[in-house]
Asker: 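If you scroll down you'll find the structure; I have some questions about it.
Order of listing sets the numbers, starting from 1, for every ligand and every atom in it.
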Amino acid sequence: MKPIGGKSRLFVVIAMLLLVLAGCSGESYLSTLKPQGENGEMLYDLMMLTTILMTLVTLVVVLIFIFVSTKFRRTKKTENMIPKQIEGNHKLEITWTVIPIIILLIIAVPTVSATFKLDASEEGIPKDAIHINVTGKLYWWEFEYPDEKIVTSQDLVIPVGEKIYLKLQAGDVKHSFWIPALAGKMDTNTENPNYMWIHAYKEGVYYGKCAELCGPSHALMDFKVKVLSKDDYEKWVANMQEPSEVPAEATAKAGQEIFAKSCAGCHAVDSNDPRPAPARLAPNLSNFADRERIAGIKEMTPENLKAWVTDPESIKPGNKMSNTYNLNPDQVEAVTQYLLTLSKENK
Ligand code: CUA
């Protein structure tokens with residue numbers, strides 16, 4: 001094979017760069033660069049401000065560099081000349097001290113102000129606001145609505161256009177809660193809780209990620225944020241508060257019995273299941289069939305669900321469900337059918 005020459009190499013580099021940049025502008029509900037909520041927008045504005053300032057500084061420095069290196073180029077004529085010495089020039093020294101101070105102030109004032117606006121300490125949370133306790137666990141997310149007495153997981157459901165207050169903690173190791181289009185990252189710790197708020201401008205589904213390396217399936221620790229209209233949100237809460245129904249169909253009914261023996265020790269199927277936080281060892285499945293994804297990552301299809309129930313380790317290495325129960329194919333089929341009846345979406 002012929003080695004690629006200079007021009008071709010440059011072309012390859014530019015093509016790759018374009019691909020990377022195209023990746024940045026793809027899915028609008030994934031990107032920090034297309035904010036869809038109030039604090040996402042604040043962070044985006046700060047990022048743009050600093051980027052523009054940095055670009056201007058770089059531009060000025062490069063222009064001065066080009067000007068100086070051409071104007072004061074060493075030639076035969078100037079070879080033995082010594083240029084004008086400027087050491088101790090007060091005007092110059094004040095100028096190049098004051099300009100960076102002004103630039104830093106232009107960045108610092110909005111940054112500090114945004115930091116205070118983004119703060120959501122426990123005392124500052126309004127009583128009538130919706131608050132949600134978020135817990136990161138190896139490799140899934142739990143969302144508890146203490147006032148509504150609802151526990152759910154993997155899909156965080158919130159109403160549009162409202163400030164929602166989150167209390168973030170971890171159940172095992174440190175994770176980091178991140179909804180790129182809505183807000184910045186926030187660590188979840190096992191001991192001290194962190195607080196933040198989110199606010200979405202538009203209804204829709206937003207991507208969420210774990211942003212702290214936490215184990216072999218860290219990259220698969222995804223979740224979704226479902227932003228509903230105020231009415232739909234209220235209906236959803238009311239539906240969630242209802243107990244799960246007994247399935248009518250025979251296979252699903254058999255699945256429910258297998259589930260009660262094999263899975264119910266860790267998984268609850270009622271949103272208001274009374275077990276306390278430390279005893280909630282696995283995701284609450286009360287509205288499992290409404291979820292955007294299986295295990296946060298796989299498309300919601302019966303085939304994917306069967307694959308997940310049969311061999312979770314192959315899909316999410318290191319997860320706590322791996323190798324706990326070995327169900328035969330008929331049992332897997334029945335449990336799958338049962339899980340797909342667990343829906344709370346507007347009936
Ligand atoms: Cu949890 Cu990374």
Asker: Might you point out which heavy atoms bring Tyr233 and Val157 nearest each other, and give the distance in Å?
Answerer: CE1-O, 3.6 Å
Asker: So how far is it from Met196 CE to Lys167 NZ, rounded to the nearest 0.5 Å?
Answerer: 15.5 Å
Asker: Can you find a heavy atom in the side chain of Met321 that is under 4.5 Å from one in the side chain of Trp308?
Answerer: yes
Asker: Quick one: give me the number of protein N/O/S atoms under 2.8 Å from atom 2 (Cu) of ligand 1.
Answerer: 4
Asker: Is there a side-chain contact between Lys174 and Thr190 (heavy atoms, below 4.5 Å)?
Answerer: no
Asker: Compare all side-chain heavy atoms of Phe177 with those of Lys185 and state whether any distance is below 4.5 angstrom.
Answerer: no
Asker: For a quick test of reading the model, state the closest non-hydrogen atom pair linking Ile297 to Leu220 and the distance between them.
Answerer: CG2-O, 3.6 Å
